[in-house]
There are 2 protein chains.
Amino acid sequence: MVTVHDVARTAGVSIATVSRALSNPSMVATATRERVESAAAALGYVPNLQAAALRAGRTGAIGLLVPDLANPYFAAIAQGVAETAREQGLGVFVVDSQEDPEAEPGLLRRLARQTDGVILASPRAVEADRAVAGTTPVVVVNQTGPRAVAADFASGVHQAVAHLVALGHRQIAYVGGPAASWGDAQRRTALAAEVRDRGADGLEVLLLGVFAPTVDGGESAVDAVAASSATAVVTYNDVVAVGLVRALRARGVRVPDDLSVVSFDDTYLAGLVTPALTSVRTDLRALGRFAARQLVEPTDAAEPLTLHPMHLEVRDSTATPRA
Amino acid sequence: MVTVHDVARTAGVSIATVSRALSNPSMVATATRERVESAAAALGYVPNLQAAALRAGRTGAIGLLVPDLANPYFAAIAQGVAETAREQGLGVFVVDSQEDPEAEPGLLRRLARQTDGVILASPRAVEADRAVAGTTPVVVVNQTGPRAVAADFASGVHQAVAHLVALGHRQIAYVGGPAASWGDAQRRTALAAEVRDRGADGLEVLLLGVFAPTVDGGESAVDAVAASSATAVVTYNDVVAVGLVRALRARGVRVPDDLSVVSFDDTYLAGLVTPALTSVRTDLRALGRFAARQLVEPTDAAEPLTLHPMHLEVRDSTATPRA
DNA sequence: TTGAAAGCGCTAACAT
DNA sequence: ATGTTAGCGCTTTCAA
């Protein structure tokens with residue numbers, strides 16, 4: 001390995017000059033700088049980031065922990081994070097917990113040690129997880145707590161329900177996500193509030209059990225949905241809706257003719273499938289950018305949780321209920 | 001920050017003993033070890049990985065560079081990599097170049113400095129990129145060169161063409177991917193070979209220009225496809241096929257009735273859309289596992305490029321050509 | 001079994 | 001403008 005010492009010897013200067021010439025060129029005479037640069041190039045010198053990090057106390061990178069890299073929801077957030085990171089000259093390391101809550105503390109611990117700050121986009125990460133990060137700053141996404149950023153699920157639920165009610169639906173089922181998901185709890189609470197507000201109009205909401213936030217999870221929800229008297233379904237996310245719609249079709253239940261479906265997230269999947277899904281969206285890249293900025297330069301600590309707006313995108317999976 | 005010194009003072013031992021008790025417990029008396037452990041726990045000590053890495057010369061993590069996190073192809077590879085890494089007690093950092101070839105050398109350089117080895121799954125990474133990794137070992141995916149792992153695209157092309165020819169197609173268009181993609185070049189070469197072999201049977205292949213490997217890219221290919229006399233299309237990947245099918249539908253061209261489509265990759269997207277796509281698949285998790293193992297414990301250097309088999313998955317996007 | 005001490009490669013005072 | 005030096009936190013000889 002080529003070190004500053006080798007470059008210094010070749011260039012005929014001290015190691016301090018090498019360091020300066022490379023990281024603070026203005027502090028060095030032009031001739032010297034050029035000598036150092038050509039020596040470094042000739043030897044193929046590359047700075048050891050571990051050493052620089054140890055010395056500087058910072059690594060120049062931030063981390064992002066997500067539950068599932070294959071879910072476009074997190075890919076979109078990651079893009080936002082990467083944009084802001086690039087502006088700041090920081091690297092981004094993404095780690096995937098593969099929907100395994102057990103593995104998260106370990107992954108987070110390592111990630112926190114190797115970076116200057118971590119964005120936790122895993123819905124199951126909680127207090128215990130924060131502790132594991134030690135002194136490394138943490139910003140959580142779709143969670144509550146200090147330095148949290150979340151989609152305004154209550155508003156999203158309200159828009160979804162208002163849309164369905166306007167179409168004439170009165171019996172709505174919710175196909176819920178992971179038990180420990182804060183976002184799922186938000187959706188459930190908001191649905192309960194809708195029932196309170198609209199109960200007089202005959203609105204009924206059926207909250208269905210815990211399903212994996214995957215295509216398979218959506219498919220496995222088909223029994224519960226079919227057994228209910230609901231004319232419309234709201235799902236935890238796009239991916240679940242896709243699975244559910246497939247399983248429904250296999251049973252001869254047509255969407256939206258026999259059953260309307262509204263999903264959350266509105267990732268690109270929602271517009272891809274047939275029928276295209278009516279879905280509640282957040283600007284995820286903006287969410288990612290915000291989370292990253294919050295990590296780099298925390299704004300007002302007075303506002304611990306920042307909510308991002310949601311908007312209903314009406315497509316082809318919702319219609320007036322039959323008869 | 002709590003360091004070994006703090007723990008040593010609290011436990012009444014030297015820093016060397018702290019280090020041993022924590023990383024090599026068998027070298028320390030049980031009583032001492034327990035004292036150190038409780039002191040560390042009480043103080044909330046967490047080892048500084050930068051320092052350990054500097055000293056040990058290794059970071060305990062590997063890196064994975066992909067062009068697009070939102071493409072399920074790479075998510076599947078990442079899962080395979082993560083599986084093997086976990087077995088080896090290594091962390092995995094994923095970095096997304098966002099389909100920007102310009103950014104790759106910089107990202108790779110940083111990734112290489114922060115890890116013990118890098119898997120390059122970006123189709124555009126080349127010789128120059130390898131150099132940037134310096135002494136850090138690199139394994140490339142879907143590229144040629146030393147320590148490379150790739151899908152057997154020639155076989156995949158052969159299967160796709162055989163399927164289409166058997167259905168009665170003679171005019172096939174190829175909707176190609178990024179110019180610098182090795183995998184794209186492989187597909188084109190293999191298609192040319194098919195024409196040589198089957199030209200006598202009347203097979204004609206139209207190679208279409210460079211398109212982005214995204215949904216948008218597929219949509220933008222619709223003009224060229226519609227203008228051709230092809231009755232079947234092979235696309236660079238699933239995502240492109242999805243975009244193309246959408247754009248075709250918007251023009252009233254039905255798949256597979258008016259045009260057959262075969263895609264590459266067979267990610268979960270292929271089975272999700274309507275019609276479900278006939279696609280050529282590789283076991284991507286196995287590919288990822290193999291790449292990671294190749295990085296950790298390189299096997300026979302005699303075989304520089306390892307090919308993984310492809311299999312055609314026939315679904316609903318291919319049919320007999322009309323009239 | 002434990003401790004003292006060297007040093008991984010780098011940067012930032014401080015001195016010249 | 002450049003050099004000398006201390007030291008980031010850790011592991012690992014080498015001695016005791």
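Since the model is a prediction, treat every value here as computed from it, not as a measurement. So that the names make sense, note that chain A is the first sequence line, chain B the second, and so on, each numbered from 1.
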Worksheet item: What pairs with B:Tyr73 under ring pair (Phe, Tyr, Trp, His ring centres under 6.0 Å), at least two apart in sequence or on another chain?
Response: none
Worksheet item: salt bridge (Lys or Arg N to Asp or Glu O under 4.0 Å): which pairs involve residues 43-72 of chain B, sequence neighbours left out?
Response: B:Arg58-B:Asp116
Fill in: Non-neighbouring partners of A:Arg110 that pass side chain to side chain donor-acceptor pair (under 3.5 Å), sequence neighbours left out
none
Discussion item. Which residues pass the side chain to side chain donor-acceptor pair (under 3.5 Å) test with B:Thr115, not counting sequence neighbours?
Written reply: none
Worksheet, complete the sentence: Residues passing the side chain to side chain contact (heavy atoms under 4.5 Å, CB included) test with A:Ser14, sequence neighbours excluded, are A:Ala16, A:Thr17
Discussion item. Output the rounded distance in Å from CZ (A:Arg33) to P (D:dT2).
Written reply: 11 Å
Worksheet entry | Integer-rounded Å distance: C:dT1 C1' and B:Arg35 CZ | 12 Å
Discussion item. Taking only side-chain N and O atoms of A:Thr32, does any of them lie within less than 4.0 angstrom of OP1 or OP2 on D:dT2?
Written reply: yes
Discussion item. Counting primed atoms plus P, OP1 and OP2 as sugar-phosphate and everything else as base, spell out the protein contacts along nucleotides 8-16 of chain D at 4.0 Å heavy-atom distance: B, S or - for each nucleotide, 5' to 3'.
Written reply: BBBBBB---
